[in-house]
Protein chains: 4
Amino acid sequence: MNKKHQILNAAAKLFATQGFDGTTTLQIATEAGVTEPLIYYHFKGKDELFTSILQTAFEKYFTRLENLPRRTTIQFVQIANLINLHFAIVDEMPNETFLVMNTCPVKLNDPDHVCRANVDRQKEWLTGYLTQCLEEGIRRQEFVEMPIAPTVELLIGVISGLTRRRALKLDSNRQVRTATIDFCRRALQAVDAKS
Amino acid sequence: MNKKHQILNAAAKLFATQGFDGTTTLQIATEAGVTEPLIYYHFKGKDELFTSILQTAFEKYFTRLENLPRRTTIQFVQIANLINLHFAIVDEMPNETFLVMNTCPVKLNDPDHVCRANVDRQKEWLTGYLTQCLEEGIRRQEFVEMPIAPTVELLIGVISGLTRRRALKLDSNRQVRTATIDFCRRALQAVDAKS
Amino acid sequence: MNKKHQILNAAAKLFATQGFDGTTTLQIATEAGVTEPLIYYHFKGKDELFTSILQTAFEKYFTRLENLPRRTTIQFVQIANLINLHFAIVDEMPNETFLVMNTCPVKLNDPDHVCRANVDRQKEWLTGYLTQCLEEGIRRQEFVEMPIAPTVELLIGVISGLTRRRALKLDSNRQVRTATIDFCRRALQAVDAKS
Amino acid sequence: MNKKHQILNAAAKLFATQGFDGTTTLQIATEAGVTEPLIYYHFKGKDELFTSILQTAFEKYFTRLENLPRRTTIQFVQIANLINLHFAIVDEMPNETFLVMNTCPVKLNDPDHVCRANVDRQKEWLTGYLTQCLEEGIRRQEFVEMPIAPTVELLIGVISGLTRRRALKLDSNRQVRTATIDFCRRALQAVDAKS
DNA sequence: GATGAATGAGTGTTCATTCAT
DNA sequence: TATGAATGAACACTCATTCAT
């Protein structure tokens, strides 16, 4: 059990930093402190090892998403929650986030790959969450009038963009999180609601 | 000259869809309709071919950035311009954008790689542009008060996030561009300015 | 004891159909319903398992040969017996025959291999049996005059050829056995003896 | 062209003596005096190399068969021709014969393998040739009455058995060929015809 | 410019075998 | 007896690159 985890951790780290194709099974074995064949004892092959890591990471992520409260008096709280959650996840699982953000895209061309399924599921979930949130907020006049679908897409883009830059260590880490929340608040909330 | 371009195009396309490590020189040669050694006649190696494509793409991109007007009565116009420019670029050079967005990150670990230099230069440029823009906007009371540095980082994140999703064909293409501009306008402009 | 037999049976079947080199210890273990290390508990290794099967099969075969009656009034009866015995053996131990016929040859280059010893012993025995048979038959004028040594070799070839084709399921099974006996009778017996 | 032939020869020799699974591509390369990748430059893989050798050998063999005269005054001449041809082939292409005789059988389980197709084709051809020969011989009363189908199968068995033993160097080489022809003559020809 | 032939250095994977339990 | 975990050695095959022409 122990060595299996060592393999998973080493692989996650290497796949994240070097990509799937740029990482060799020998590197993984060495980094994990085991021999190459052990990888094949625990996993069917390099692909399954990759998929396994990915699936676990996405599972954790989706669990966190599902646990977000869906009924709040102020709708914007839900949006702030979503932003906070994504910033938190990058810090908690940096390797996995990096991996999803950078190694997945290459695999998105294959419609049968786990990446495709999970990325689609993520988009669907976020779309549902944000759509309901915006609709309710507008109905209650907490939010200003706006076209919902494009705004939802834009919000997803904002979240994934910021998450990615943080994973890539391209942001300088300071108050980006709170700035983002304030920024979105100003963009969404009706003037009356701000007081 | 002709065949050299065929190689460059084929390589750009393949690097973009399969990544650097996932693309073989044989694939490039086949896709370009030439033989492998010709690649080595025109380029030192796979690496140089890659950086060559990258450098050209970045050059085009930076040229476009430099041509943006820096003095406008309304500061937000500059921000809208920036957003529009990025959306335009994805559509004009989809392969190259995809390549920069997805193949570059893996190379960012190497501080000597062209990717690193260009990404840093991009960040620097955008930071300068946006910082000046926001400072001026706030000074003129066109924009609300806000912490400048984090907001700049966030705006960069927003732009790169949306660009990336469009390159990955993850957005559904509709009015995201205008929604983004409106969204930012509401978030930045002071209430008085809106009228 | 039970599992040991399962291993032997599985191995015999697999070696026969896939050859020695084409069969893995894992396949044998799986087919036998045991784990790989158990093979090594019962046998020194893959080689010993192979030779063990081979030796047992040859032992059965040689026992049958030894039990053939050596003194008959009509010499041809001994030849018919030999033919019948070989046809019978293919049907009784198809896997083992197949194995001897197809996996052995590759091992014949190694003069120290069990295959070599057994195949040599078989040739020697058959040569002795047939030589004596023919000599006696010719002496008694039951058989026509013929060069003995080449005829013996040819008879061995006939028997092994037919056995092999039956093991490979290349013959269509019909009256080949009786046809063979009649054929040989006509070829060997003097005209006078036929009446 | 030269090195390609060296590879083919080395492979034929090694496949013949060690079997397909028992032969490594490194052994082939070493024996051929080339490097391993060159094998893959000239052939798709080990399988194609094997198939290529097999196909060439069978082609030569079938060509020889087709050139046998089909109309002779004495039918037995055709049978003697067939026997002679097979003995000749073993001596001309010992590696290939060995290979067909010993490496093929393992592949016969796969109905799609080239071995299967060729072995079937061989059986069909020989059956047609011998059937016509026997029918005609019996009609002309050159041959004794006998059940045709089983005798044909037996003759094929005789030929392949003797060929195989010679390829395996199990016969002592002497007058087996003429003994076989005489043997078959006595078995087939009617008493009247013998004078 | 352009290519057919060739290769050193690896790549993912498998195999027979062992060892601690 | 029996097995889960582990490995050294090898295997078929690929890749970026070179060289003679």
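Convention: sequence-line order gives letters A, B, ...; per-chain numbering from 1.
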Engineer: Run the numbers on C:Gln18 and D:Asn109 for side-chain hydrogen bond (donor to acceptor under 3.5 Å, both in side chains), then give the verdict.
Structural biologist: CA-CA 9 Å; C:Gln18 308 182 330; D:Asn109 301 314; over 6 Å; no

Engineer: Within 45° of the ring axis of A:Phe58 and under 6.0 Å from its six-membered ring centre, is that where the NZ or CZ of A:Arg121 lies?
Structural biologist: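 No; the conditions do not both hold, so A:Arg121 does not lie above the ring face of A:Phe58.
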
Engineer: Which heavy atom of C:Leu170 sits nearest to which heavy atom of D:Arg116, and what is that distance?
Structural biologist: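 Minimum heavy-atom separation between C:Leu170 and D:Arg116: CD2-NH2, 3.9 Å.
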
Engineer: Could you please name the option among E:dG1, E:dA6, F:dC13 that lies closest to any side-chain atom of D:Glu36?
Structural biologist: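 When the side chain of D:Glu36 is considered, F:dC13 is the closest of E:dG1, E:dA6, F:dC13.
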
Engineer: E:dG1, E:dA6, E:dT13: which one has an atom nearest the side-chain heavy atoms of D:Lys3?
Structural biologist: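 For D:Lys3, the side-chain atoms sit closest to E:dA6.
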
Engineer: Which stems does DNA chain F form, counting runs of 3 or more consecutive Watson-Crick or G-U wobble pairs with both distances under 3.5 Å?
Structural biologist: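 The stems that DNA chain F takes part in, listed by first number, are E:2-21 with F:2-21.
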
Engineer: Heavy atoms from C-beta onward define the side chain here; which of E:dA2, F:dC15, F:dT3 lies closest to that of C:Val34?
Structural biologist: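 Within the option list, the nearest is F:dT3.
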
Engineer: For C:Lys44 and for A:Lys44, locate the closest nucleotide of DNA chain E by heavy-atom distance; then report the residue assigned to the nucleotide nearer the 5' terminus.
Structural biologist: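 Final value for this comparison: A:Lys44.
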
Engineer: Let me know the distance between CG of C:Asp21 and P of F:dA10, rounded to the nearest Å.
Structural biologist: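 It works out to 15 Å between those atoms.
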
Engineer: If only side-chain N and O atoms of A:His42 are considered, is one of them under 4.0 Å from the OP1 or OP2 phosphate oxygen of F:dG4?
Structural biologist: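 A:His42 to F:dG4 OP1/OP2: no side-chain N or O under 4.0 Å.
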
Engineer: Roughly how many Å is it from CD in A:Gln27 to P in E:dG12, rounded to a whole number?
Structural biologist: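 These atoms are roughly 8 Å apart.
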
Engineer: Roughly, in whole Å, what's the span from CD1 in A:Ile7 to C1' in E:dG12?
Structural biologist: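 Computing the A:Ile7:CD1 to E:dG12:C1' distance gives 15 Å.
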
Engineer: So which atom in C:Ala167 and which in C:Thr97 form the shortest heavy-atom distance, rounded to 0.1 Å?
Structural biologist: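 Smallest interatomic distance, heavy atoms only, reads CB-CG2, 4.1 Å.
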
Engineer: Could you check which of E:dT3, F:dT17, E:dG12 has an atom nearest any side-chain atom of A:Thr24?
Structural biologist: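 Nearest listed nucleotide: E:dG12.
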
Engineer: Between P on F:dC15 and CG on B:Leu14, what's the gap in Å once rounded to a whole number?
Structural biologist: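 To the nearest whole Å, that distance equals 13 Å.
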
Engineer: For D:Lys13, does the NZ atom have more than 12 heavy-atom neighbours from other residues, nucleotides or ligands under 6.0 Å away?
Structural biologist: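 Not buried by this count: 12 neighbours or fewer within 6.0 Å.
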
Engineer: Which of these nucleotides, F:dT14, E:dA6, E:dT13, is closest to any side-chain atom of D:Pro37?
Structural biologist: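 Given the options F:dT14, E:dA6, E:dT13, the side chain of D:Pro37 is closest to F:dT14.
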
Engineer: Check each of B:Leu54, B:Ile7, B:Thr25 against B:Leu49 using the side chain to side chain contact (heavy atoms under 4.5 Å, CB included) test, and report the only one that passes.
Structural biologist: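 Running side chain to side chain contact (heavy atoms under 4.5 Å, CB included) over B:Leu54, B:Ile7, B:Thr25 with B:Leu49 returns exactly one hit, B:Ile7.
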
Engineer: Would you mind reading off the distance between B:Phe50 atom CZ and F:dA16 atom P, rounded to a whole angstrom?
Structural biologist: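 After rounding, the reported distance stands at 14 Å.
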
Engineer: Rounded to the nearest angstrom, tell me the gap between atom CD1 in B:Ile28 and atom C1' in F:dA16.
Structural biologist: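 Computing the B:Ile28:CD1 to F:dA16:C1' distance gives 11 Å.
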
Engineer: What integer number of Å spans the P atoms of E:dG1 and F:dT21?
Structural biologist: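 Result for the P pair: 22 Å, nearest Å.
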
Engineer: Go through E:dT17, E:dT3, F:dA16 for me and flag the one nearest to the C:Tyr40 side chain.
Structural biologist: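 The closest nucleotide is E:dT17.
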
Engineer: Can you tell me the distance, in whole Å, between the CD atom of D:Gln6 and the P atom of E:dA6?
Structural biologist: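 About 9 Å, once rounded to whole Å.
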
Engineer: Think D:Lys4 forms a cation-pi with D:Phe43, using NZ or CZ under 6.0 Å from the six-ring centre and within 45 degrees of its axis?
Structural biologist: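 The answer is yes, since D:Lys4 meets both limits relative to D:Phe43.
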
Engineer: What pair of heavy atoms forms the shortest contact from C:Ala12 to C:Ile53, and how long is it?
Structural biologist: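 Residues C:Ala12 and C:Ile53, closest heavy atoms: N-CD1, 3.6 Å.
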
Engineer: Of the listed nucleotides (E:dG4, E:dG12, F:dT1), which one gets closest to any side-chain atom of C:Tyr41?
Structural biologist: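 Minimum distance to the C:Tyr41 side chain belongs to F:dT1.
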
Engineer: What's the closest nucleotide to the side chain of A:Thr25 if the choices are F:dA5, E:dG12, E:dG8?
Structural biologist: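 It is E:dG12.
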
Engineer: Rounded to whole Å, please give me the gap between CG in A:Leu38 and P in E:dC15.
Structural biologist: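 To the nearest whole Å, that distance equals 17 Å.
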
